[in-house]
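Values in this document were obtained by computation on a predicted structure and should not be read as measured data.
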Amino acid sequence: MLRYPHVLFDLDGTLIDSAPAILASYREAFVAAACQPVVPIDAGIVGPPLLETLQMLTGSKDSALLDTLAGHFKASYDNTGYRQTAAYGGVTEMLERLTAAGCTLSIATNKRLHPTRLILDHLGWSRHFAAVYALDAFEPRLPNKAAMIARLMQDRAIPRDQAVYVGDRSEDGESADANGLPFLAATWGYGSLEAGEMAPHWRAVFTPAALAEDILAPA
C-alpha cells in the first residue's frame, strides 16, 4: 500500500530551475517599458505570482504600468524564454519512479497555466501529471496557493490522509498546513528553507531520489 497515493508538487524551485528564464524575461520587460526596477532582479524574486512580483519590482500598484510590464514579460517568456528552463538533476527519474509505483501526480503552482503547460511539454513531463492547477486557471482567479490546493483536492476527490505536498518555500508549507497535508521541503532549489524556517512538523528532503524514497516508504 502506498504511503502517499497522491503527490502534489510546486513547480518553480522544486522540479525546475526556472530562474534564468524568468529573470531574463523580467529584465526584457523593464527595458521594453523604459522603466527601472526599484529592487534588484535576482533569484530572490522568483516564486510569487507575476503581478505580485511586478508590484515588488516597481514599488507601485499602478494598474497601467503593471499591465504594460506584464504584457512585455509574457511576450518574452511565453514565446521563447521558457525554453531556458532546466529540470533539476534527478527530477525526471524521480517522477518516472513515482509514476511507475502507481502514485497520482499533480501540479499546484503560482506560475501561469499557459507557460506551465509549455514547460511540462518542453521537458517531456506532461504524461506524468493527472492535473495541472494554477492561480489563473479559474475565473475568478484563485486568491492564493492554499485555495488552489483546496480546489485541486476537491475537484479530484483527494483524501487528506492519502496526499502530500512538495515545495521549496515557506508559502508552500503554510499552504499544505492550511489543507491538512504533510509537507516535504525540497532543499535543492533557490527557495530552499533554512533550518530555522522549518516548522517542526515539516520534513526536509535533500535530493529528488531521497524524496522518492520518502514518498514510497511503507505506509
Side-chain angles (χ1 to χ4, degrees), residues 1-20 22-23 42-49 53 85-111 116 119-120 123 125 128-129 131-134 144-150 152-153 158-219:
M1 182 177 179
L2 290 171
R3 184 182 191 185
Y4 300 118
H6 298 274
V7 187
L8 284 56
F9 286 99
D10 172 50
L11 187 60
D12 291 329
T14 300
L15 301 179
I16 59 173
D17 181 2
S18 54
I22 289 173
L23 298 179
D42 59 26
I45 69 167
V46 178
T53 303
T85 301
Y88 285 116
V91 167
T92 296
E93 294 79 5
M94 177 265 292
L95 295 175
E96 290 173 348
R97 184 177 176 191
L98 294 180
T99 301
C103 293
T104 299
L105 311 184
S106 301
I107 294 283
T109 178
N110 282 335
K111 186 182 288 295
T116 294
I119 288 167
L120 294 179
L123 295 174
W125 288 353
H128 291 301
F129 295 100
V132 179
Y133 274 47
N144 52 49
K145 185 169 281 186
M148 176 171 43
I149 292 172
L152 169 57
M153 294 178 66
I158 298 174
R160 284 183 172 80
D161 62 354
Q162 295 183 20
V164 62
Y165 189 61
V166 182
D168 69 318
R169 296 163 57 89
S170 58
E171 177 203 19
D172 297 326
E174 291 158 3
S175 298
D177 287 350
N179 286 281
L181 297 181
F183 175 62
L184 297 179
T187 63
W188 52 81
Y190 39 74
S192 297
L193 293 165
E194 302 292 335
E197 300 176 291
M198 291 282 292
H201 57 288
W202 298 349
R203 300 200 306 278
V205 286
F206 300 98
T207 67
L211 175 64
E213 290 292 337
D214 191 302
I215 289 172
L216 296 177

If you take all heavy atoms of [X] and [Y], which pair is closest and at what distance?
X	Y	value
Gly167	Asp172	CA-OD2, 3.5 Å
Phe129	Leu120	CE1-CD2, 4.0 Å
Ala43	Leu23	N-CD1, 3.7 Å
Arg160	Asn179	NE-O, 2.7 Å
Tyr133	Leu152	CE2-CA, 3.5 Å
Ser175	Ile149	CB-CD1, 3.9 Å

Item checked: Flag for Asn144-Glu171: side-chain donor and acceptor within less than 3.5 Å -> no
Next item on the list: Flag the pair Trp188 / Val205 as yes when at least one side-chain heavy-atom distance between them is below 4.5 Å, and no otherwise.
Entry: yes
Next item on the list: With the side chain counted from C-beta on, respond yes when Leu211 and Leu184 share a heavy-atom pair under 4.5 Å apart, and no when they do not.
Entry: yes
How long is the gap from [atom1] on [X] to [atom2] on [Y], to the nearest 0.5 Å?
X	Y	atom1	atom2	value
Leu181	Asp161	CG	CG	10.0 Å
Leu8	Leu105	CG	CG	9.0 Å
Thr109	Leu15	OG1	CG	9.0 Å
Ile16	Trp125	CD1	CH2	7.0 Å

In chain order, what residues pass the side chain to side chain contact (heavy atoms under 4.5 Å, CB included) check against [X], with sequence neighbours excluded?
X	value
Ala178	Ala146
Gln162	Pro5, His6, Pro159
Pro182	Tyr4, Val164
Ala204	Thr187, Met198, Phe206

Notebook entry, point to check: Sequence neighbours excluded, which residues qualify as salt bridge (Lys or Arg N to Asp or Glu O under 4.0 Å) partners of Glu96?
Noted result: Arg127
List the residues meeting side chain to side chain donor-acceptor pair (under 3.5 Å) with [X], not counting sequence neighbours, and say none if there are none.
X	value
Asp10	Thr14, Lys145
Thr99	His128
Trp202	Asp177

Margin query: Does Cys103 form a side-chain contact (heavy atoms from CB on, under 4.5 Å) with Ile215? I'd like the steps, not just the answer.
Written below: CA-CA 9 Å; Cys103 293; Ile215 289 172; 4.2 Å; yes
Margin query: Going by side-chain hydrogen bond (donor to acceptor under 3.5 Å, both in side chains), name the pairs with one or both residues in residues 207-218, residues two or more places apart or in two chains.
Written below: Arg3-Asp214, Arg97-Glu213, Arg203-Asp214
Next item on the list: Go through the steps to decide whether Leu11 and Thr116 satisfy the test side-chain contact (heavy atoms from CB on, under 4.5 Å), and finish with yes or no.
Entry: CA-CA 8 Å; Leu11 187 60; Thr116 294; 3.8 Å; yes
Note to self: Does Asp17 form a side-chain contact (heavy atoms from CB on, under 4.5 Å) with Thr85? I'd like the steps, not just the answer.
What the structure shows: CA-CA 6 Å; Asp17 181 2; Thr85 301; over 6 Å; no
Item checked: salt bridge (charged side-chain N to carboxylate O under 4.0 Å, His left out) contacts touching residues 101-111 (sequence neighbours left out) -> Asp12-Lys111
Check: Taking only residues two or more places apart in sequence, or in another chain, which ones meet Tyr165 in a ring pair (Phe, Tyr, Trp, His ring centres under 6.0 Å)?
Finding: none
Check: Could you walk me through whether Val132 and Ser106 pass the side-chain contact (heavy atoms from CB on, under 4.5 Å) check?
Finding: CA-CA 6 Å; Val132 179; Ser106 301; over 6 Å; no
